[in-house]
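Order of the sequence lines sets the chain letters (A, B, ...), proteins ahead of strands, with each chain counted from 1.
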Number of protein chains: 2
Amino acid sequence: MPRLKERTPELRDRVLRVAVPMLEAGGVSGFTARRLAAQAKTSTPALYELFGDKGGLVREVFFEGFRMLRRRFDTLDDTPDPRADLVQVIGAIRSFVRDNPVLAEVMFSRPFADFDPGTDETAAGGSVREFIVGRVRRCIDAGVIEGNETDIAHVLLALTQGLAGQENAGWLGTSESSVDRRWALAVNAALDGLGPATPRARRAQS
Amino acid sequence: MPRLKERTPELRDRVLRVAVPMLEAGGVSGFTARRLAAQAKTSTPALYELFGDKGGLVREVFFEGFRMLRRRFDTLDDTPDPRADLVQVIGAIRSFVRDNPVLAEVMFSRPFADFDPGTDETAAGGSVREFIVGRVRRCIDAGVIEGNETDIAHVLLALTQGLAGQENAGWLGTSESSVDRRWALAVNAALDGLGPATPRARRAQS
DNA sequence: AGCAATAACGTAACAGCGTCACGATATGGC
DNA sequence: GCCATATCGTGACGCTGTTACGTTATTGCT
């Protein structure tokens, strides 16, 4: 007897497909429920039925960001050099952040007061982290670096996130070359320091 | 003939002294012009005369954060071990972020849509960066690490910021011990990798 | 003393936000 | 053709940042 439902999972998908480019184009402050509803040719109450609240909406964009990053990893190909492959994945994260700075802020920072990614949402990056752990493991197996693969992945991800955040904010340097140089220095130093038989590294265990 | 001005630099200081604890207590979303005005026993138009707009207000809190961090550095004392001193300053940043998580977000992240620290505001951290550069230089002079002091300071700060951000978000680990372990691993690996005569490190130059 | 001129004050308004109650609406069954 | 009902979107609420504007207090002059 009622009318046909329009607030379906299909609408949800359409909204999300509109949301990501709109976030990137309009920035955090331009990302409002009303504007998104208008742009997706629906109403604000529809958004609230589909996503609960603004935080739920941002949460889905957050998840979509990690899916996009993971998809970018699929375009990378393995080489015989495990260390180069690990450097490559870090470079892929860097270029992702440069291509999608606002989305990256949602993923790695907390620009929306309504959405605080907690430990639950950590799992969203799980598939991303798995990929990195895989490449870390190959380095460990090859004897390029030593230690616990999870710990090392965390460290490399933190370093990458810190560098990307600083580059994004324009703090890492003014010229392209100095920024590149610092990226290279950081990544190489970290990998070298994680390598085997570095005398001082033994301190970490004691 | 007019009445006496109350919106003086003194009021400005009083507002800022109220603002920092209020931000930390109420979080980003609780930090509103009205609430701050009420708490500082003044009016919202007074805030706008003193700070221009909300962004200007947050900007001052941002500056105050760096002053606080710098003041914390002054409580540190030099030891004969330059490497230990460098580790110590990184630890000081970590504890600062743990003690003032919301303020740290304002300083290192961009939780307010109204305030984007740009290259101008980079200078605010200048005095903080100088301190770190000083400790880096001591390490270079002692032969503990090698390279350009500014580049190295940038790298260490990026690493610290990345780790602190992840710890703050609860992403660095669930147990205190795993978080500590990853901090130690990261800092030691970076310093080791920046050290002299590490064969692979030469790659960075080529 | 009392008044006028003037500058500083804060109330109250505006647009826009997240959110949701509720009246309007469209549909299938009788 | 009409009713019942589930679904829709208009419009409202309280909040935000921001500011116009009427109110108020003060000083100098008569």
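- Atoms CG (B/Asp53) and C1' (D/dT16) sit 14 Å apart, rounded to a whole Å.
- Taking only side-chain nitrogens and oxygens, A/Arg35 comes nearer than 4.0 Å to OP1 or OP2 of C/dC17.
- The nearest whole Å value for the distance from the CZ atom in B/Phe51 to the C1' atom in D/dT19 is 18 Å.
- For A/Gln88 and A/Arg135, the side-chain atoms include at least one donor-acceptor pair closer than 3.5 Å.
- Spacing between atom CG of B/Leu47 and atom C1' of D/dG17 amounts to 11 Å, rounded to whole angstrom units.
- Atom-to-atom, CZ of B/Phe115 to C1' of D/dG17 comes out at 17 Å; the value is rounded to the nearest Å.
- A heavy-atom distance below 4.5 Å is not found between the side chains of B/Glu64 and B/Leu16.
- Taking the six-membered ring where the residue is Trp, A/Phe131 and A/Phe73 present parallel rings, their angle staying beneath 30° rather than reaching 60°.
- A/Val61 has its side chain within reach of A/Leu23: a pair of non-hydrogen atoms, C-beta onward, lies under 4.5 Å apart.
- Heavy atoms of A/Asp114 sit nowhere under 4.0 angstrom from any nucleic acid atom.
- Across the protein-nucleic acid pair, B/Phe112 atom CZ and D/dG17 atom P stand 9 Å apart, rounded to whole Å.
- The side chain of A/Tyr48 contributes an N or O atom lying less than 4.0 Å from OP1 or OP2 of C/dT19.
- The shortest distance between side-chain heavy atoms of B/Arg59 and B/Phe112 does not fall below 4.5 Å.
- Residues B/Arg83 and B/Asn188 bring a donor and an acceptor atom of their side chains to less than 3.5 Å of each other.
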Worksheet item: How does protein contact run along nucleotides 3-11 of chain D, one letter per nucleotide 5' to 3', with B for base contact, S for sugar-phosphate only, - for none, heavy atoms under 4.0 Å?
Response: -BBSBSBB-
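- We find that NZ of B/Lys54 is positioned 12 Å from C1' of D/dT18, with the value rounded to whole Å.
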